[in-house]
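Everything on this sheet refers to the single structure shown next.
In this chain, residues are counted from 1 in sequence order. All values below come from the heavy atoms of this structure, side chains included, with hydrogens, waters and symmetry mates left out.
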Amino acid sequence: MGNDPNLVDRDVEVLEEEEKETEPSFFADPKRLVQTLVVVLLLVAAIYILLPKLFDTQNVFHQLGDANAIWIAVALAFNVLAFFSYVALFRGVVGEQVIHLEWRESYQITMAGLAATRLFSAGGAGGIVLTYWALRKAGMPRRQTACRMVAFLVLLYAVYMLALMLDGILLRTGVLNGDNPAGLTIVPAALAGAAVGVLLLIALIPEDIERRLGRFAQGYRFARYAQSLASGPATLARGTRTAIDFVRNPSRGGLAVLGAVGFWAANVGILWAAFHAYGTKVPLGVVVQGFFVGMVANLVPFAPGGVGAVDAGMIGTFVLFDVPGAEVFAAVLTYRLIAFWLPIPPGIVAFLQLRKTVARWEQERAAAPLAQDTSRPLSGTGPPITSESKV
């Protein structure tokens, strides 16, 4: 096959862009780690030491020793399922459709991203930054990476919103058994429905919005800024449409959809098993609704990974559902220990492994002359990039 100068130039351009991506310093900055640890310890102490005194449930820590070992094992099994589901979601969105990542490499990226999500920033921002960096290092073009990251998040949180909406309606109408106060059922369901509506409206943003704004502002001093401002909505729209396309085409996006559903279902399963571990019978519909309503606290900006905020949100939600306070504290603490804290050590290990993988990718690219035939991608570097590459 002859060499295509345009293709070589494009590869050089992509490599130059990729080299500009700097490694997130989440786990490499001792000062930042210490600061995060101090904030986490203070928040955990406030939730699990001060709140039990306010609710007169000081025996909560003694109750932890009475947990049923079989149900704890069930909760751990659900946690393993949550890991595999998260990796499946990632591979379904970016691992197979766009770049040729091995399962081992997908595991490293997702587990490191989970650890960053739990320790740094709110609403999963730490994991987003790390995953974006890893995909760029794997050779995915900048716009394509942004689009697939948006599709990943849209799929993940669309399942969250739909579950919150559906379970809230079924609880409120009495189809599902359990307490059904309007403020914890139909109100969150309405807000979730509004959020889904916003996503659908975003998908309607024209694909060529950047070109349209550029043409509209042509000749004005702010033309460049108008196009830059349009790139954000354009990326959101492109990623949302990609996520919708995954749902509409099971043969293409079945793994991603299954991973998103499995991730949330497994997390609810951990909490459900935690309640059973202490002999507390909470209706499944209440467990589902309490979980998703409580998880909204993950958006609190000052709490790294929602530490403390999610705990308090879940505890408060279940107390409002008339679940006994002592059982709520024990179950939520067990859930957080298994679902939140347990993945952090393997996640840090995965990040260290990912750094070695990224170094290998860079060595492979440096050893492969750009002038050679680019039809055979290196491991983790994706297919050859052409002007026809789909987002």
Side-chain angles (χ1 to χ4, degrees), residues 14-15 18-19 21-28 76-120 124 126-141 144-145 148-149 151-153 155-156 246 252-263 266-267 338-339 341-368 374-385:
V14 169
L15 286 175
E18 184 267 338
E19 288 173 356
E21 302 296 335
T22 58
E23 176 185 319
S25 60
F26 296 133
F27 307 111
L76 291 171
F78 273 121
N79 200 31
V80 173
L81 177 60
F83 293 162
F84 279 104
S85 297
Y86 200 74
V87 175
L89 170 61
F90 176 80
R91 281 187 64 83
V93 173
V94 300
E96 292 180 334
Q97 304 294 339
V98 180
I99 54 178
H100 298 288
L101 286 175
E102 300 175 359
W103 274 95
R104 174 178 53 84
E105 296 165 340
S106 298
Y107 168 83
Q108 292 171 4
I109 295 173
T110 51
M111 285 303 299
L114 275 176
T117 295
R118 281 150 170 73
L119 290 176
F120 304 101
I128 294 171
V129 172
L130 191 145
T131 304
Y132 177 86
W133 166 78
L135 291 176
R136 293 285 296 119
K137 288 296 184 179
M140 187 183 291
Q144 201 172 36
T145 303
R148 292 299 168 132
M149 285 299 301
F152 178 92
L153 294 171
L155 273 178
L156 184 64
F246 280 138
R252 178 173 179 243
L255 181 63
V257 174
L258 186 63
V261 173
F263 175 76
N267 271 274
I338 294 174
W341 297 107
L342 194 60
I344 292 177
I348 295 175
V349 172
F351 175 73
L352 298 177
Q353 294 172 334
L354 178 60
R355 294 180 67 185
K356 295 181 180 179
T357 299
V358 168
R360 174 172 58 81
W361 290 340
E362 293 176 337
Q363 290 174 358
E364 289 176 348
R365 272 194 290 268
T374 58
S375 63
R376 297 179 59 190
L378 298 171
S379 174
T381 60
I385 302 167

Requested in this report: With sequence neighbours left out, write down each residue that passes ring-ring contact (aromatic ring centres under 6.0 Å, His included) with Tyr86, or none if nothing qualifies.
Outcome: Phe152, Phe263
Requested in this report: Working to the nearest 0.5 Å, report the span between CD1 of Ile344 and CG of Leu114.
Outcome: 10.0 Å
**Report entry** Heavy-atom side-chain proximity of Leu135 to Phe90 below 4.5 angstrom
**Finding:** yes
Query raised in the report: Given side chains that start at C-beta, do those of Leu130 and Leu354 come closer than 4.5 Å, heavy atoms only?
Result: yes
Query - Thr110 OG1 to Phe84 CZ distance, which is reported to the nearest 0.5 Å - result: 10.5 Å
Query raised in the report: Can you tell me how far CD of Gln108 sits from NZ of Lys356, rounded to the nearest 0.5 angstrom?
Result: 10.0 Å
Query - Thr145 backbone acceptor or donor facing Arg136 side chain under 3.5 Å - result: no
Report summary line: For Met149 and Thr131 the tightest heavy-atom approach is SD-CG2, 3.5 Å
Query raised in the report: Should Arg104 and Thr357 be marked as a side chain to side chain contact (heavy atoms under 4.5 Å, CB included) after you check the CA-CA gap, both sets of side-chain angles, and the distance that decides it?
Result: CA-CA 10 Å; Arg104 174 178 53 84; Thr357 299; 4.1 Å; yes
Query raised in the report: What's the shortest heavy-atom distance between Phe246 and Leu155, and which atoms?
Result: CD1-CD1, 3.8 Å
Report task. Can you see which heavy atom on Ala112 is nearest to which on Ala350, and at what distance? Result -> N-CB, 3.9 Å
Report task. Quick one: list whatever passes side-chain contact (heavy atoms from CB on, under 4.5 Å) with Leu81, sequence neighbours left out. Result -> Phe78, Ser85, Ala266
**Report entry** Residues Glu105, Arg360; criterion salt bridge (charged side-chain N to carboxylate O under 4.0 Å, His left out); working and verdict
**Finding:** CA-CA 12 Å; Glu105 296 165 340; Arg360 174 172 58 81; 2.9 Å; yes
Query raised in the report: Cut-off 3.5 Å, side chains only: do Arg91 and Ser106 have a donor facing an acceptor?
Result: yes
Requested in this report: Identify, with sequence neighbours excluded, every residue that meets side-chain contact (heavy atoms from CB on, under 4.5 Å) alongside Ala260.
Outcome: Leu89, Val159
Query - Candidate pair Val358 and Trp133, rule side chain to side chain contact (heavy atoms under 4.5 Å, CB included), full reasoning - result: CA-CA 10 Å; Val358 168; Trp133 166 78; 3.8 Å; yes
Requested in this report: Using side-chain contact (heavy atoms from CB on, under 4.5 Å) as the criterion, list what pairs up with Leu76, not counting sequence neighbours.
Outcome: Ile72, Ile338, Leu342
Report task. Measure the NZ-CD distance between Lys137 and Glu362 for me, rounded to the nearest 0.5 Å. Result -> 4.5 Å
